[in-house]
Trainee: 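Can you keep this structure in mind? I'll have questions shortly.
Source: prediction; values computed, not measured. Labels below follow one simple rule: chain letters A, B, ... track the order of the sequence lines, proteins then strands, and each chain is numbered from 1.
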There are 2 protein chains.
Amino acid sequence: MKNKLKIQRAIKDITQAQLAEAIGVSRQSINTIEKGKFVPSTVLALKFARYFEVSVEEIFSLEDDD
Amino acid sequence: MKNKLKIQRAIKDITQAQLAEAIGVSRQSINTIEKGKFVPSTVLALKFARYFEVSVEEIFSLEDDD
DNA sequence: ACCAAAAGTAAAATAAACATTACACAATGA
DNA sequence: TCATTGTGTAATGTTTATTTTACTTTTGGT
């Protein structure tokens, strides 16, 4: 699965730490999710989508190996 | 977080076992996700959405305690 | 009532998410 | 040059997702 968190952050011009606080997770979680090191839960995906005011699908998308 | 998996299943008229096979998880996972016993990963959420041809938000939604 | 299919549940095990702490590195500005 | 800010990464630990097996209960049809 790939994600556009970095792009969405750039649009809102916020840091990983700011996003972490807004969502309620650690900065390292943001960093590792952003880098694709693990797949976040659906609750987190919905929170990202709500925060960035886009759909979940605009942030996260399936890849062939999913 | 609440979900409408049972409703979506009813619309497509499929069993938990059929959904499990279509998505690629165990039937018990479908059952426990449907009953809200745990929160699935974003990959699963995207697969549910793709299978039911709806958005993730039409299946899963945040609640106050999330 | 009987039978079969579907749904619910539970225990135990494994895999994965997420937190915490800590450190390294690059860029920027005083 | 030094300090700061943002980012990447690693180790370890706790919690939670997910599987497997298996059993019980419900539901629908005959």
Side-chain angles (χ1 to χ4, degrees):
Chain A
M1 192 188 63
K2 60 181 164 46
N3 73 79
K4 295 183 178 170
L5 286 178
K6 191 169 190 172
I7 295 172
Q8 292 293 335
R9 269 200 310 111
I11 292 172
K12 280 229 172 191
D13 193 23
I14 57 168
T15 68
Q16 292 180 343
Q18 288 170 328
L19 178 56
E21 181 164 24
I23 300 298
V25 295
S26 69
R27 183 183 69 80
Q28 286 74 359
S29 290
I30 299 294
N31 186 273
T32 49
I33 291 169
E34 200 168 298
K35 302 291 283 183
K37 297 218 172 179
F38 67 77
V39 175
S41 72
T42 300
V43 164
L44 283 191
L46 290 170
K47 287 183 179 177
F48 284 127
R50 184 174 61 183
Y51 180 78
F52 288 124
E53 297 173 292
V54 297
S55 69
V56 170
E57 284 87 346
E58 282 181 75
I59 306 177
F60 298 97
S61 45
L62 291 171
E63 289 180 298
D64 297 340
D65 56 321
D66 288 326
Chain B
M1 192 187 63
K2 60 179 161 49
N3 71 80
K4 295 183 178 169
L5 285 179
K6 191 168 189 171
I7 296 172
Q8 292 294 335
R9 264 199 316 112
I11 292 172
K12 280 228 170 193
D13 192 25
I14 57 167
T15 68
Q16 292 181 343
Q18 289 171 328
L19 178 56
E21 180 164 23
I23 300 298
V25 295
S26 69
R27 183 182 67 83
Q28 286 74 0
S29 290
I30 298 295
N31 188 275
T32 48
I33 291 168
E34 202 168 294
K35 302 290 284 184
K37 298 215 171 175
F38 66 76
V39 175
S41 72
T42 299
V43 164
L44 283 191
L46 290 170
K47 286 184 179 177
F48 284 127
R50 183 175 60 183
Y51 179 78
F52 289 123
E53 298 173 290
V54 298
S55 69
V56 169
E57 284 86 348
E58 282 181 77
I59 306 176
F60 298 98
S61 46
L62 291 172
E63 289 180 299
D64 297 341
D65 56 323
D66 287 327

Trainee: Mind listing the closest non-hydrogen atom pair of B:M1 and B:S61 along with its distance?
Mentor: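 The pair with the smallest heavy-atom distance is CG-O, 3.2 Å.
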Trainee: To the nearest 0.5 Å, how far apart are OG in B:S41 and CG in B:L46?
Mentor: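 The OG atom of B:S41 sits 8.5 Å away from the CG atom of B:L46.
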Trainee: For the pair made of CG in B:N3 and P in D:dA17, what is the distance, rounded to whole Å?
Mentor: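 Distance, rounded to whole Å: 13 Å.
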Trainee: Output side-chain donor-acceptor pairs under 3.5 Å for residues 8-15 of chain A, partner residues at least two apart or in another chain, one line each.
Mentor:
unit_1: A:R9; atom_1: NE; unit_2: A:E34; atom_2: OE1; d: 3.0
unit_1: A:R9; atom_1: NH1; unit_2: A:I14; atom_2: O; d: 3.1
unit_1: A:R9; atom_1: NH2; unit_2: A:E34; atom_2: OE2; d: 2.8
unit_1: A:K12; atom_1: NZ; unit_2: A:Y51; atom_2: O; d: 3.3
unit_1: A:T15; atom_1: OG1; unit_2: A:A17; atom_2: N; d: 3.4
unit_1: A:T15; atom_1: OG1; unit_2: A:Q18; atom_2: N; d: 3.1

Trainee: Could you write nucleotides 4-19 of chain C as a row of B, S and -, 5' to 3', where a protein heavy atom under 4.0 Å of any base atom gives B, of only sugar-phosphate atoms gives S, and otherwise -?
Mentor: --SBBBB------SSS
Trainee: Atom CG of A:L19 and atom CZ of A:F52: how far apart are they, to the nearest 0.5 Å?
Mentor: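 It comes to 4.5 Å.
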Trainee: Once you round to the nearest 0.5 Å, how far does CD1 of A:I30 lie from NZ of A:K6?
Mentor: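 Separation between the atoms: 14.0 Å.
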Trainee: Any pair with a residue in residues 54-63 of chain B that passes salt bridge (charged side-chain N to carboxylate O under 4.0 Å, His left out), sequence neighbours left out, goes on the list, sorted by first then second residue, please.
Mentor: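 Residue pairs passing salt bridge (charged side-chain N to carboxylate O under 4.0 Å, His left out), neighbours aside: none found.
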Trainee: Tell me if a side-chain donor or acceptor on B:N3 pairs with a main-chain N or O of B:I33 at a distance below 3.5 Å.
Mentor: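 Such a contact is found between B:N3 side chain and B:I33 backbone.
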Trainee: Roughly how far, to the nearest 0.5 Å, is CD1 of B:I59 from NZ of B:K4?
Mentor: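 Between B:K4 NZ and B:I59 CD1, I get 10.0 Å after rounding to 0.5 Å.
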Trainee: List in chain and number order the residues that pass side chain to side chain contact (heavy atoms under 4.5 Å, CB included) with B:E21, two or more places apart in sequence or in another chain; answer none if no residue qualifies.
Mentor: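 For B:E21, no residue satisfies side chain to side chain contact (heavy atoms under 4.5 Å, CB included) once neighbours in sequence are set aside.
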Trainee: Taking five pairs at each end of the helix from C:dA1-D:dT30 to C:dA30-D:dT1, what angle separates the two helix axes (nearest 10°)?
Mentor: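 Answer for the end axes of this duplex: 50°.
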Trainee: Between atom OG1 of A:T42 and atom CG of B:D66, what is the distance when rounded to the nearest 0.5 Å?
Mentor: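 It is 10.5 Å, given to the nearest 0.5 Å.
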Trainee: Could you pull out the protein-nucleic contacts involving nucleotides 27-30 of chain C (nitrogen or oxygen on both sides, under 3.5 Å)?
Mentor:
none

